[in-house]
Amino acid sequence: MVNCPECVSREIEKKKKLLEAEFNEAEEEGREFRVPAYREMEDEIDFPMKLDSSTKHFICKRCGLYATREQVNDIRI
């Protein structure tokens, strides 16, 4: 299923801020802390879009994004 690129992007930004704080805390304590790559974070987040079969468009129930598969792929890039 297709994930909403807008919602995923917002969640990754939130997660990055939290991880940044954890990284700074670990650095102060002298611990090692590995920040996951963007793709790893993206794989953990799941915001599936519903397919409107009559128009072949995907709709995000969370943010309202309405786009074809090609448009969703363009947004992701």
Side-chain angles (χ1 to χ4, degrees):
M1 191 50 108
V2 176
N3 276 327
C4 177
E6 294 292 328
C7 293
V8 168
S9 179
R10 280 190 219 118
E11 284 299 311
I12 287 176
E13 287 303 314
K14 287 180 193 175
K15 195 168 188 174
K16 279 170 112 175
K17 289 179 184 176
L18 292 173
L19 289 171
E20 210 172 276
E22 285 183 45
F23 177 78
N24 291 335
E25 186 179 303
E27 197 172 63
E28 288 173 4
E29 295 175 2
R31 296 185 286 126
E32 283 190 28
F33 186 81
R34 182 186 153 310
V35 178
Y38 184 88
R39 285 286 175 196
E40 291 174 9
M41 287 189 282
E42 186 178 39
D43 291 342
E44 295 173 3
I45 299 171
D46 191 32
F47 291 110
M49 299 177 77
K50 287 197 81 111
L51 176 64
D52 180 6
S53 58
S54 62
T55 62
K56 304 290 189 228
H57 281 75
F58 288 94
I59 305 164
C60 177
K61 287 185 173 182
R62 188 171 186 208
C63 71
L65 180 67
Y66 182 78
T68 63
R69 183 178 297 275
E70 291 79 24
Q71 291 169 329
V72 169
N73 284 335
D74 289 345
I75 293 170
R76 287 183 66 202
I77 297 173

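The shown structure was predicted, so the numbers you read here are calculated from the model rather than taken from an experiment.
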Leu19 with Val8, same ILVMFWY side-chain cluster at under 4.5 Å: yes
Nearest-0.5 Å distance that lies between atom CE in Met49 and atom SG in Cys7: 8.0 Å
Which atom of Phe58 lies closest to which atom of Thr68, heavy atoms considered: CD1-C, 4.3 Å
All pairs passing ring pair (Phe, Tyr, Trp, His ring centres under 6.0 Å) where residues 16-57 contributes a residue, at least two apart: His57-Tyr66
Euclidean distance, Met41 CE relative to Asp43 CG, rounded to 0.5 Å: 10.5 Å
N-O pairing of Glu42 and Arg39 below 4.0 Å: yes
Point-to-point distance, once rounded to the nearest 0.5 Å, from CD1 of Ile45 to CG of Asn3: 9.0 Å
Listed once per pair and sorted, the salt bridge (charged side-chain N to carboxylate O under 4.0 Å, His left out) pairs that draw on residues 18-29, sequence neighbours left out: Glu29-Arg31
Hydrophobic cluster membership, Leu51 vs Leu65, 4.5 Å side-chain cutoff: yes
Gap between atom CD1 of Ile12 and atom CD of Glu40 - 0.5 Å precision: 11.0 Å
Atom pair SG/NZ of Cys4 and Lys61 - distance to nearest 0.5 Å: 13.0 Å
Any residue meeting side chain to side chain donor-acceptor pair (under 3.5 Å) with Glu6, in chain and number order, not counting sequence neighbours: none
Nearest-0.5 Å distance, SG of residue Cys63 to CZ of residue Arg10: 5.5 Å
